[in-house]
> 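Below you'll find the structure I mean.
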Amino acid sequence: MAKPVRLFKVSFLNQGRVYELYARRVGASAVLGFTEIADLEFEQGGLVVDPTEERLRDEFRDTRVLHLPMHAVLRIEEVERRGPLAIRDATTGEKIMYFPQPSPRNA
């Protein structure tokens, strides 16, 4: 029987915002005082595009491993299934919505 793949929801502070990402690997980093987050999970396309997911995918596109300072990590949860990604305001907790910006037209 195949071993089930573990999935973690990681919430951390980043520049006054709380990022919520999903990852397959979480552990102690080789860098003292940091937590290692690897194998980030993003949706594999579809008809409906979530602008927040697109923003996070673009920000972490080339990231193999995140080394987060331990004091920035708010919560790590092992979950059954993946939910929506989010960026929240750190003080109010309200979800920050990103909308696609039109590209400037050459006039």
> Mind checking whether Glu59 and Asn14 have side chains closer than 4.5 Å, heavy atoms only?
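Yes; the side chains approach each other to less than 4.5 Å.
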> Is the CD atom of Glu78 crowded by more than 12 outside heavy atoms at less than 6.0 Å?
yes
> So which heavy atom on Glu41 is nearest to which on Arg82, and how close?
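Minimum heavy-atom separation between Glu41 and Arg82: O-NE, 3.7 Å.
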> Measure the CD-CZ distance between Glu94 and Arg88 for me, rounded to the nearest 0.5 Å.
10.0 Å
> Would you say Tyr22's side chain and Leu85's backbone share a donor-acceptor pair under 3.5 angstrom?
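Pair absent, no side-chain N/O of Tyr22 close to backbone of Leu85.
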> Could you grab the distance from atom OH of Tyr19 to atom CG of Leu66, nearest 0.5 Å is fine?
11.0 Å
> Which residue pairs pass the side-chain hydrogen bond (donor to acceptor under 3.5 Å, both in side chains) test with at least one member in residues 63-72, sequence neighbours excluded?
Ser29-His67
> Using modelled atom types and a 3.5 Å cut-off, is there a donor and acceptor pairing between side-chain atoms of Glu43 and backbone atoms of Glu53?
no
> Would a hydrophobic clustering, with Ile, Leu, Val, Met, Phe, Trp and Tyr connected at side-chain separations under 4.5 Å, put Leu13 with Met70?
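No, Leu13 and Met70 fall in different hydrophobic clusters.
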> Please report the closest heavy-atom contact between Val73 and Phe12, naming both atoms and the distance.
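Nearest heavy atoms, Val73 then Phe12: CA-CB, 4.1 Å.
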> Drop me the distance from Arg75's CZ to Lys9's NZ, to the nearest 0.5 angstrom.
7.5 Å
> Given 3.5 Å as the limit, does a donor-acceptor pair link the side chain of Arg24 with the main chain of Arg6, or not?
yes
> Taking atom CD1 of Ile87 and atom CG of Leu56, what is their separation to the nearest 0.5 Å?
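Answer rounded to 0.5 Å: 4.0 Å.
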> Which pair of heavy atoms, one from Arg25 and one from Val65, lies closest together, and at what distance?
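Reported closest heavy-atom pair: NH2-CG2, 4.5 Å.
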> Looking at every heavy atom in both Ile76 and Val10, which two are closest together, and how far apart are they?
CG1-CG1, 4.4 Å
> Can you tell whether the side chains of Arg61 and Asp58 come within less than 4.0 Å, N to carboxylate O?
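Yes, Arg61 and Asp58 are salt-bridged.
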> Starting from Leu21, can I reach Val18 by hopping between I/L/V/M/F/W/Y residues whose side chains sit under 4.5 Å apart?
no
> Using the rule that two of Ile, Leu, Val, Met, Phe, Trp, Tyr join whenever any of their side-chain heavy atoms come within less than 4.5 Å, decide whether Phe60 and Ile37 are in one cluster.
yes
> Looking only at heavy atoms, what is the nearest atom pair of Ala38 and Ala23, with distance?
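Where Ala38 meets Ala23 most closely, the heavy atoms are O-CB, 3.3 Å.
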